[in-house]
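All residue numbers in this chain count up from 1 along the given sequence.
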Amino acid sequence: MARILREESHYLKVHDPVSGSEVTLHYRRPTSEERVAYQLSAFRLEGGERRFCLGETRLKFGLEILTGFGAGDFLVAEAGGELPLDPERHPDWKERLKEHAPDLVSFLAQRVFEGLRVVHRDEQGVL
């Protein structure tokens, strides 16, 4: 199947090991500048020493490209019960995911920014 070149939202379905359910994360395609910044952010010089910062980088850039999630995929404790996290009702939804589901946001960034794979051909030229 060919890649369709358009500015459309993409999604990634992830098995959440905490809830045991599938979560759908909606995201936009990163810009070329964001891809370069992601690579440069993986290391930082502190006191003359290189520091590996991939975890922080994944969370930061995952939040930047995250545009939403599947309805009912996240619940919040409110008003004595549990309500679905809703971006219209909860304008701080990204901060909530940063605090309570950083593993999923980081996984999104890892897949989008690092997920390309090289496909090797066998001796007959088959992928």
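- Arg29 contributes atom CZ, which lies 8.5 Å from atom CZ of Arg35 (distance to the nearest 0.5 angstrom).
- A donor-acceptor distance shorter than 3.5 angstrom exists from the side chain of Thr57 to the backbone of Ser41, with no hydrogens or angles considered.
- Within the structure, every pair that satisfies the ring-ring contact (aromatic ring centres under 6.0 Å, His included) test and touches residues 12-44, not counting sequence neighbours, is listed here: His10-Tyr27, Tyr38-Phe61, Tyr38-Phe113, Phe43-Phe52.
- Contact check for Glu56 versus Leu59: no side-chain heavy atoms found under the 4.5 Å cut-off.
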Could you list the donor-acceptor pairs under 3.5 angstrom formed by side chains in residues 95-112, with sequence neighbours left out?
from   : atom 1 : to     : atom 2 : distance (Å)
Arg96  : NE     : Asp92  : OD1    : 3.0
Arg96  : NE     : Asp92  : OD2    : 3.3
Ser106 : OG     : Pro102 : O      : 2.9

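- No more than 12 heavy atoms of other residues, nucleotides or ligands sit less than 6.0 Å from atom CD of Glu49.
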Exercise for the section: For side-chain contact (heavy atoms from CB on, under 4.5 Å), just list the numbers for Val14 and Glu22, CA-CA rounded to whole Å, side-chain angles, deciding distance to a tenth of an Å, and then say yes or no. Expected result: CA-CA 5 Å; Val14 178; Glu22 281 194 357; over 6 Å; no
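- No salt bridge links Glu64 with Arg28; every basic N to acidic carboxylate O contact stays at or beyond 4.0 Å.
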Using distance only, find each side-chain donor-acceptor pair of residues 69-78 under 3.5 Å and give its atom names and separation, not counting sequence neighbours.
from  : atom 1 : to    : atom 2 : distance (Å)
Asp73 : OD2    : Thr24 : N      : 2.8
Asp73 : OD2    : Gly70 : N      : 3.2
Glu78 : OE2    : His90 : NE2    : 2.7

